[in-house]
Structure formats: C-alpha cells, structure tokens
*Asks:* 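First the structure, then my questions, so here it is.
For ligands, and for the atoms within them, numbers begin at 1 and follow the listed sequence.
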Amino acid sequence: MKSSIAQQAPLIQNIQARNVLSLNGRWNYIVDPYENGYYDYRHEAFDATTSGTGGFYDDKKPKDKGELIEYDFDYSPTLNVPGDWNSQVEKLEMYEGTVWYRRKFNAAVKPGKRYILYFAAVNYEAHVYLNGKKLGMHKGGFNSFQFEVTGKLKAGENFIVVKADNTRHQDEIPTINTDWWNYGGITRDVFIAEVPDTYIADYKVQLAKNDAAHIEGYVQLNGNDLSQDVTLNIPEAGIKTTVKTDATGRAVINIPVRKISYWSPENPKLYSVNVAAGTDNVSDKIGFRTIQVKGTDIMLNGKSVFLRGISIHDENPLLKGRNRSTGDLKMLLTWAKEMNCNYVRLAHYQHNEEMLRLADEMGLMVWAEVPVYWTISWENPATYQNAENQLTGLITRDINRASIIVWSIGNETPVSEPRLKFMGNLASKARSLDNTRLVAAALEVHRKGNEAIVDDPLGEKLDLVSFNEYAGWYWGGDPSGITKYNFNIKYNKPVVITEFGGDALSGYHADANTRWSEEYQEALYKNQIAMLSKITALRGMTPWILADFRSPRRQHPVYQTFWNRKGLISETGKKKQAFFVLKSFYDELEKKYK
Ligand code: GCB
C-alpha cells in the first residue's frame with residue numbers, strides 16, 4: 001500500500017459550532033455497480049498500487065484529444081447532499097452498491113489553523129479522497145466521522161471524491177437483514193471546520209450521576225499547547241470556574257450548583273454554556289437533569305415519570321427518503337408532541353445530531369440506539385469492534401444532550417452465549433463512557449400458552465426491562481385475543497415496552513377483525529393498552545411506529561407496496577384512528593403522573 005492514509009481524527013465535540021465551510025449542495029455522481037473506478041481489470045484496488053492513481057478519485061480530464069478516460073464528473077448528473085440517492089433518482093430507488101460523488105470547492109487556508117473534514121453520515125462504507133489523495137475509509141451508515149486535512153487542503157480550488165457503497169454484508173453493523181430501506185449515499189451534512197492549532201476537542205458538562213447539586217465532566221484539548229487554563233462559563237446559572245488541563249490536555253470539572261432550573265419535558269430549559277481555553281472557545285446549549293431507576297420507578301429529577309413515547313425512524317415518509325433538513329426532523333417531533341408524547345425512541349441506529357438538539361429544545365426524552373439488530377455475527381471480533389466503535393461514536397457525540405436518558409445497545413438480538421458476551425461487553429462499554437444515563441436494549445419475549453415470558457439473561461445487565469411484543473399482529477390474528485396474555489417478567493425493574501403495533505393502510509375501513517384496516521389497528525391499540533396496563537411495573541412505551549416507513553420486506557401488493565404500515569401516521573401525513581387512541585391514553589397518564 002503506497003498511498004498515505006490519514007488517521008481518522010477523534011470526533012470533535014459540537015463541531016457545528018465551529019467556523020465551518022459547508023460542502024452541502026449539488027455533488028456530481030457516477031453510478032458504479034462493478035466498482036470500475038476502484039479496481040483495475042485484475043481486481044486490484046487502484047489506491048493500493050504503487051502510483052496510487054487510476055481510480056475515479058483522480059477526477060481526470062484528457063490531456064489531449066487522444067487520451068482515453070472513460071468517465072467524466074463534469075458531465076455527470078448531480079445529487080443533493082445531504083440526501084440519499086434512492087429518493088432522488090428513480091432508477092436508484094432499489095440500487096445497492098457503489099456511487100462516486102465529487103464536489104469542487106474553494107477554500108481559504110490560514111496559517112496556524114487546523115482543518116477537519118466532517119461527514120455527519122455516509123451509508124455504509126465511505127472511501128474519501130481529497131485532491132486525488134486518499135484520506136481514509138469509514139464504515140457505519142449513521143455515525144459521523146472526520147479526517148484532519150491540515151496541510152492537505154489547498155488555498156483556492158480543491159476537490160473531494162467519495163466512494164459510497166451501501167452493499168449489505170453479514171459481518172457488518174447492521175447485518176444483511178433489516179426491516180428498513182437501505183438508503184445509500186451522503187445522507188447528512190458535510191463541512192470543513194477550522195480550529196486553532198490547539199483546540200477544545202471534547203467536553204462533557206452534565207449533572208453528576210444521581211446528583212442534582214453538582215455539574216461534573218471534563219474538557220479535553222488537542223494540539224501542541226496542552227497545558228492551559230480552561231474557563232467554564234454558564235452566566236445564567238452564576239457559574240464561572242477555571243481549571244487547568246494536565247500534560248495530556250485533560251481537565252476534570254466538578255462544580256457545585258446552587259439554584260438552577262432542571263431540564264424536563266415540561267421545562268426544557270437549556271443554558272448557554274461557554275468553554276474557553278487560551279487558544280480556543282466554544283459555545284453550546286445544555287440542559288441539566290438527573291435520571292435514575294429506583295425499584296420499578298424511573299426518576300427524572302427525583303420524580304417518578306411515565307415515558308409516553310413513540311418509535312421513530314430517520315425517514316420522512318413524504319420524501320420517501322432519509323430526513324434531509326431541520327424541517328423534516330421538526331415535523332416528526334411535532335407529530336410526537338401532538339400525540340402528547342414526552343419521550344421518543346430513535347430507532348434503530350444513530351439519528352442526526354440535530355434531532356437530539358431539537359429533542360433538547362422541544363422537551364422530549366430520548367432512547368438512542370445503535371444498529372445491533374437481529375442476527376449479527378456474534379463471534380467475529382471485527383464485528384464486535386465495529387459495534388463498539390459505533391456505540392462510542394454515538395455516546396461521544398451526544399453526551400451533552402439532556403434529552404437522552406437511555407443508551408440502547410441493540411434490538412431483538414436472539415439469545416445465545418456468544419451474543420450474551422457481545423451485548424454484555426457493549427453494556428459495560430456504554431457504562432464506562434457515561435455513568436449518568438440508563439443502559440438498555442429492546443429484548444424479545446417467548447410464549448407458553450397465554451403466558452408471555454421475559455427472562456432473557458441479558459436483562460441482568462440492563463437498567464430497564466424493555467422488550468418488543470406483537471400480540472394481535474404476529475401473535476394471532478384477532479385484536480380481541482390480546483387481553484388473554486399475561487406477562488411473566490423475571491426482573492424487578494421498570495418495564496418499558498419498546499414496540500407493539502400492527503399495520504393499517506390509511507383510509508382503508510372495515511371491521512375490527514379485518515387485517516390492514518384502520519379499525520383493526522385501532523382495536524389492537526385499545527386491547528394492547530388494556531393488556532399492558534396490568535403490568536404493575538409498566539413505566540413507559542414506544543409503540544411501533546410514528547409514521548409509515550419504507551421497507552423491502554413489506555411486499556403485499558395492495559396494503560403494503562414496500563411500506564411498513566405500522567405507522568400511526570400515513571405516508572401522506574394523515575393521522576390514522578389509532579393515533580387518537582394512543583393520544584387519549586397519554587392524556588390520562590399525563591394527569592396520573594403530574
Ligand atoms: C420489530 C422490529 C422492527 C420492525 C417491526 C415490524 O420487531 O424491531 O424493526 O419494523 O418489528 O414491523 O415487524
């Protein structure tokens with residue numbers, strides 16, 4: 001391997017707040033199902049040859065009229081970034097494979113500054129090249145990644161080429177089988193951030209574990225001048241304190257707080273927080289709250305709460321694609337608020353960082369998850385490492401978001417020894433990175449007659465008894481049969497139902513025993529609520545799901561047409577009857593938990 005591959009830079013906390021050059025907009029693209037721009041005819045990767053050249057990332061033009069070059073970005077069509085390719089180009093709706101993206105831009109390069117190229121998400125494998133040189137490769141379709149480009153970014157014109165490949169593989173996270181659309185491409189923001197030579201790389205400013213009287217955390221510098229005075233300033237809370245970073249650039253924060261207004265869905269108070277070192281400073285908006293489990297109660301700021309939730313995919317049904325803008329994200333959270341939710345499950349992977357900032361502002365507690373979904377390769381160490389990296393990236397990115405109360409390490413993973421080890425290690429990792437939030441996973445239930453049993457041994461390692469159950473949909477075809485089930489739950493912890501639901505085609509009306517009708521879904525919700533209300537430790541739920549979403553697994557030609565119809569809102573934004581059933585249940589619960 002001759003081409004020099006840059007290390008991926010550690011994620012910078014709150015990178016959006018820096019001086020950034022946006023690279024969003026139209027990128028030229030080339031669809032490359034045979035990876036012709038990556039491999040030569042002997043299937044050797046061009047970027048691993050002696051010259052390191054020959055691939056589409058060279059972005060070459062013929063030097064004379066005789067030169068053979070079989071691609072041309074300048075004459076290729078464009079895709080909007082952020083945005084998946086499936087929803088933008090009809091013939092790419094089902095495409096899985098490689099698409100090359102190219103963007104030319106002008107940069108001003110200042111002496112003494114460092115430059116970080118940031119991608120908020122590319123699904124799934126991204127090879128990134130700047131001015132024809134490889135910066136590196138990143139795997140993971142929903143987490144942000146960065147490359148330091150100091151010394152590589154030129155003053156004046158530059159070009160970036162990205163090979164985005166969304167091919168599914170058994171050993172990846174997620175694996176080959178999921179119930180969502182495998183939207184490909186550069187799906188979230190791209191920009192270059194300018195930071196000083198020594199910059200504030202990371203910080204955590206949160207209440208200490210179960211302690212409303214202390215703000216605890218750290219500041220981490222990166223650069224040549226690691227020993228500095230760092231000042232944390234929260235003017236509205238009367239806090240101004242200076243700490244000194246050690247030789248590794250780290251300082252620990254522990255400050256008593258006197259009178260602050262605690263964050264909650266009813267009072268989503270955010271404070272302006274400024275972290276200033278001698279050479280850098282960054283501002284954020286941060287809320288302060290405690291979250292803990294006491295017996296079967298979930299205590300928010302010391303008070304028992306019921307999580308009135310709904311599950312959400314990172315998809316705008318109106319676009320038939322991944323969310324692209326603040327407006328898209330706000331639409332989904334506004335729908336959740338209209339249902340009187342105080343909580344959302346952001347399934348089944350890392351959502352946009354902006355979604356979490358909106359949840360902070362709008363007052364919604366959040367369950368945040370990594371795509372450890374279904375049948376992962378439990379015994380492959382590289383698969384574990386990938387899952388752990390994704391979990392670490394999620395926790396690092398969102399550690400200052402008060403809205404997040406739960407880190408979820410996965411969904412419906414089948415019980416086995418290797419899986420218990422894998423998931424157990426993820427749970428410990430989550431706790432080692434952040435001891436202030438709950439750690440959970442969406443488990444499965446098994447049945448014996450009318451008994452639904454929750455005894456997954458992973459439950460020992462989690463803070464909640466959280467599981468999916470499909471009484472009335474996958475179990476039996478009659479909503480009125482739901483109430484015969486009783487739950488036998490092994491753990492004495494708060495019960496939070498992570499999923500239940502059933503499909504309904506919006507506008508299809510029939511009796512309550514007819515599958516796919518709104519009446520069936522409505523009856524299913526009524527009976528689910530009756531059944532679940534018998535669980536005395538029930539402290540929350542996130543039924544499946546807020547809106548209809550696209551899935552290649554959903555093939556019924558009349559009722560589904562590649563849509564999972566379990567949404568309470570249709571693909572045109574219309575509320576189904578069951579929406580109002582859940583809303584009135586939440587209205588009652590709100591009074592009960594006042
Ligand atoms: C589940 C999965 C979810 C699916 C849902 C369904 O249990 O966790 O990803 O979409 O069921 O609709 O079957």
Side-chain angles (χ1 to χ4, degrees), residues 123 141-142 168 173-183 309-315 317 320 322 332 344-351 367-376 387 406 408-415 419 423 440-447 452 454 456 458 462 464-477 479 482 485 496-506 515-516 518 520-521 524-525 528 532 540-556 559-571 576 578-579 582:
N123 190 31
F142 304 96
R168 289 167 293 125
I173 302 287
T175 175
I176 38 181
N177 201 18
T178 63
D179 189 24
W180 66 80
W181 208 268
N182 182 24
Y183 292 112
I310 191 74
S311 295
I312 299 183
H313 262 300
D314 180 29
E315 179 175 312
K320 300 189 183 64
R322 290 263 170 259
L332 299 179
V344 290
R345 174 181 181 210
L346 301 183
H348 282 299
Y349 38 74
Q350 309 87 328
H351 283 228
W367 161 296
E369 192 161 295
V370 285
V372 178
Y373 181 95
W374 292 355
T375 51
I376 297 292
V406 183
S408 165
I409 57 172
N411 178 75
E412 290 186 350
T413 54
V415 176
R419 169 272 195 176
M423 297 300 276
L443 304 179
E444 287 184 318
V445 167
H446 61 101
R447 275 175 298 149
V454 184
D456 183 335
L458 179 59
L462 306 175
L464 303 173
V465 194
S466 35
F467 56 87
N468 302 346
E469 55 84 8
Y470 277 91
W473 190 255
Y474 298 123
W475 323 349
I482 292 174
Y485 290 107
V496 175
I497 312 295
T498 29
E499 288 177 30
F500 70 80
D503 292 49
L505 177 64
S506 171
R515 278 228 196 226
W516 315 109
E518 285 202 37
Y520 187 109
Q521 190 190 43
L524 185 149
Y525 269 73
Q528 276 279 354
L532 295 173
M541 55 172 72
T542 46
W544 193 253
I545 182 172
L546 181 67
D548 289 355
F549 63 97
R550 306 259 297 149
S551 168
R553 294 172 57 83
R554 306 298 169 179
Q555 304 197 335
H556 193 283
Y559 305 112
Q560 293 179 310
T561 57
F562 291 125
W563 287 94
N564 184 315
R565 295 286 184 200
K566 294 187 188 69
L568 295 178
I569 296 181
S570 78
E571 88 276 19
K576 303 180 194 174
F579 178 99
L582 192 58

*Asks:* Are any of the N/O atoms in Trp544 less than 3.5 Å from those in ligand 1?
*Replies:*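 Right, the criterion is met.
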
*Asks:* Hey, are Arg345 and Glu499 close enough for a salt bridge, meaning a charged N less than 4.0 Å from a carboxylate O?
*Replies:*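 So Arg345 pairs with Glu499 through a salt bridge.
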
*Asks:* Do the charged groups of Arg515 and Asp503 touch, with an N to O distance under 4.0 Å?
*Replies:*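 Here Arg515 does not pair with Asp503 in a salt bridge, since their nearest N and O are not under 4.0 Å apart.
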
*Asks:* Show, in sequence, the C-alpha distance, side-chain angles and deciding distance for Asn468 and Thr498, and conclude whether the side chain to side chain donor-acceptor pair (under 3.5 Å) test is met.
*Replies:* CA-CA 5 Å; Asn468 302 346; Thr498 29; 2.6 Å; yes

*Asks:* Starting from atom 13 (O) of ligand 1, find the nearest protein heavy-atom neighbour and note its residue, name and distance.
*Replies:*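 Looking only at protein heavy atoms, the one closest to atom 13 (O) of ligand 1 is Tyr474 OH, 2.5 Å.
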
*Asks:* Give the ring-plane orientation class for His348 versus His313, where under 30° counts as parallel, over 60° as perpendicular and anything between as tilted.
*Replies:*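 Perpendicular.
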
*Asks:* Quick one: sort the Phe142 and Tyr349 rings into parallel, tilted or perpendicular, breaks at 30° and 60°.
*Replies:*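 Ring orientation of Phe142 relative to Tyr349: parallel.
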
*Asks:* In this structure, does ligand 1 have an atom that sits under 4.0 Å from one of the heavy atoms of Tyr373?
*Replies:*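 The answer is yes: ligand 1 sits under 4.0 Å from a heavy atom of Tyr373.
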
*Asks:* Tell me which protein heavy atom sits closest to atom 7 (O) of ligand 1, plus the residue, atom name and distance to 0.1 Å.
*Replies:*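 The closest heavy atom on the protein side is Glu412 OE2, 2.3 Å.
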
*Asks:* Would you kindly specify which portion of Arg553 sits under 4.0 Å from ligand 1, judged on non-hydrogen atoms: side chain, backbone, both or neither?
*Replies:*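 For Arg553, no heavy atom sits under 4.0 Å from ligand 1.
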
*Asks:* Applying a 4.0 Å heavy-atom criterion (strictly less than), which segment of Asn411 is in contact with ligand 1: side chain, backbone, both, or neither?
*Replies:*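 Under 4.0 Å from ligand 1, Asn411 contributes side-chain atoms alone.
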
*Asks:* Considering non-hydrogen atoms of the protein only, which is the closest contact for atom 2 (C) of ligand 1, and what is the distance?
*Replies:*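 Nearest protein contact, heavy atoms only, for atom 2 (C) of ligand 1 is Glu499 OE1, 3.2 Å.
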
*Asks:* Nearest non-hydrogen contact with atom 11 (O) of ligand 1 belongs to which option: Phe549, Trp374, Tyr470, Trp473?
*Replies:*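 Looking at heavy atoms only, the winner is Tyr470.
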
*Asks:* What orientation do Trp516 and Tyr559 show, parallel under 30°, tilted 30 to 60°, or perpendicular over 60°?
*Replies:*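 Geometry flag for Tyr559 against Trp516: parallel rings.
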
*Asks:* Would Glu369 and Asn411 count as having a side-chain donor-acceptor pair, cut-off 3.5 Å?
*Replies:*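 Distance-only check fails for Glu369 and Asn411.
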
*Asks:* Are Glu444 and ligand 1 in contact, using a heavy-atom cut-off of under 4.0 Å?
*Replies:*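 No; Glu444 lies far enough from ligand 1 that no heavy-atom distance drops under 4.0 Å.
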
*Asks:* What protein heavy atom lies closest to atom 12 (O) of ligand 1? Include the residue and the distance to one decimal.
*Replies:*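 It is Lys566 NZ, 2.6 Å.
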
*Asks:* Who's the nearest protein heavy-atom neighbour of atom 10 (O) of ligand 1, and how far?
*Replies:*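 Here the closest protein heavy atom is Asp179 OD2, 2.5 Å.
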
